[in-house]
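Structure first, then comments.
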Amino acid sequence: MKELTVPDTTPLLPIVDPFEQQDSEGPDSTKVYPFYRNLAEGKLTMQRCKSCGRIFYPPQAMCKHCNSTDYEWVEVPKRGKIHAFSALLIGFPMVIEEFAPFVIAVARFGDYPENGVQIVGAMFDVDYSELSIGDEVEWEILKIKGPGEKVRYWYHFRKV
């Protein structure tokens with residue numbers, strides 16, 4: 001599992017820091033808590049609406065297609081294909097500058113759009129010139145430590 005450390009001197013605004021949403025209780029907990037819990041357990045999940053059957057991302061309290069609040073969490077297939085990508089060469093956040101430059105990719109997983117999902121993710125260990133549309137990628141969990149004792153999880157892509 002790739003790890004990233006946020007220095008203690010880096011203040012993160014609540015709007016960009018999902019740490020409090022990773023708790024199942026408390027004033028900042030949300031209905032997307034299972035998304036973060038699943039990441040911590042090594043699973044990348046999305047929501048499937050039980051009313052219309054569509055998969056939606058990012059995680060939210062209701063289906064963006066039919067407004068139903070009846071959904072289930074389903075695991076994203078491990079492998080997908082790059083649909084678009086770009087290199088981030090400058091202007092990266094200081095907490096990930098040790099990985100720069102890196103690639104930001106849009107990848108499709110599953111039978112998109114009918115029964116799959118298209119998501120954006122970083123690719124840290126690949127050169128932009130080595131990528132092509134249609135290349136296979138796998139998602140992996142990214143462990144983010146800090147500031148302080150906080151630990152949160154996200155995902156990134158790796159070329160297969």
Would you say [X] and [Y] make side-chain contact, with heavy atoms under 4.5 Å?
{"X": "Val103", "Y": "Leu88", "result": "no"}
{"X": "Tyr153", "Y": "Ile144", "result": "no"}
{"X": "Val151", "Y": "Lys143", "result": "yes"}
{"X": "Ile141", "Y": "Glu41", "result": "no"}
{"X": "Ile119", "Y": "Val106", "result": "no"}

key: Set of side-chain contact (heavy atoms from CB on, under 4.5 Å) partners for Asp111, sequence neighbours left out   =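 Testing Asp111 for side-chain contact (heavy atoms from CB on, under 4.5 Å), a comparison that skips the adjacent residues, returns Glu114, Asn115.
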query = Which residues pass the side-chain hydrogen bond (donor to acceptor under 3.5 Å, both in side chains) test with Asp135, sequence neighbours left out?
reply =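 Per chain and number, Asp135 pairs via side-chain hydrogen bond (donor to acceptor under 3.5 Å, both in side chains) with no residue.
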ask   = With sequence neighbours excluded, what pairs up with Thr69 under the side-chain hydrogen bond (donor to acceptor under 3.5 Å, both in side chains) test?
value = none
inquiry  = Quick check for you: to the nearest 0.5 Å, what is the distance between Lys145 atom NZ and Glu3 atom CD?
reply    =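 Nearest 0.5 Å value for the NZ-CD distance: 4.5 Å.
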task = Measure the CD1-NE2 distance between Ile104 and His156 for me, rounded to the nearest 0.5 Å.
result =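 These two atoms lie 12.0 Å from each other.
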Which donor-acceptor pairs under 3.5 Å do the side chains of residues 60-67 make with protein atoms, sequence neighbours left out?
unit_1 : atom_1 : unit_2 : atom_2 : d
Gln60  : NE2    : Pro58  : O      : 3.0
Lys64  : NZ     : Tyr57  : O      : 3.4

inquiry  = Using the rule that Ile, Leu, Val, Met, Phe, Trp and Tyr join whenever any side-chain heavy atoms are under 4.5 Å apart, tell me whether Tyr112 and Leu44 fall into a single cluster.
reply    =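 Hydrophobic grouping puts Tyr112 apart from Leu44.
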query = Between Val160 and Met1, is there a shared hydrophobic cluster once you connect ILVMFWY residues whose side-chain heavy atoms come closer than 4.5 Å?
reply = no
key: Minimum-distance pair of heavy atoms, taken over all atoms of Val120 and Tyr155   =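 Smallest interatomic distance, heavy atoms only, reads O-OH, 2.7 Å.
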note = Met46 and Ile55 have their tightest heavy-atom pair at CB-CG2, 3.8 Å
task = Can you sort out the partners of Arg48 under salt bridge (charged side-chain N to carboxylate O under 4.0 Å, His left out), two or more places apart, ordered by chain and number?
result =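 So Arg48 forms a salt bridge (charged side-chain N to carboxylate O under 4.0 Å, His left out) with Glu72.
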Without placing hydrogens or testing angles, list every side-chain donor-acceptor pair under 3.5 Å for residues 73-86, not counting sequence neighbours.
unit_1 : atom_1 : unit_2 : atom_2 : d
Lys78  : NZ     : Trp139 : O      : 2.7
Arg79  : NE     : Glu138 : OE2    : 3.1
Arg79  : NH1    : Glu136 : OE1    : 3.1
His83  : NE2    : Arg108 : NH2    : 3.1

message = Tell me which pairs pass salt bridge (Lys or Arg N to Asp or Glu O under 4.0 Å) where either residue lies in residues 121-130, with sequence neighbours left out.
response =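 Pairs touching residues 121-130 that pass the test: Lys2-Asp125.
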request  = In sequence, state the C-alpha distance, the side-chain angles, and the governing distance for Leu131 and Met123, and then conclude on side-chain contact (heavy atoms from CB on, under 4.5 Å).
outcome  = CA-CA 11 Å; Leu131 293 175; Met123 297 182 72; 4.1 Å; yes
message = Below 30° counts as parallel, above 60° as perpendicular, anything between as tilted: where do the rings of Phe109 and Phe157 land?
response = tilted
query = For the residue pair Phe124 and Phe102, does the interplanar ring angle fall in the parallel (under 30°), tilted (30 to 60°) or perpendicular (over 60°) class?
reply = tilted
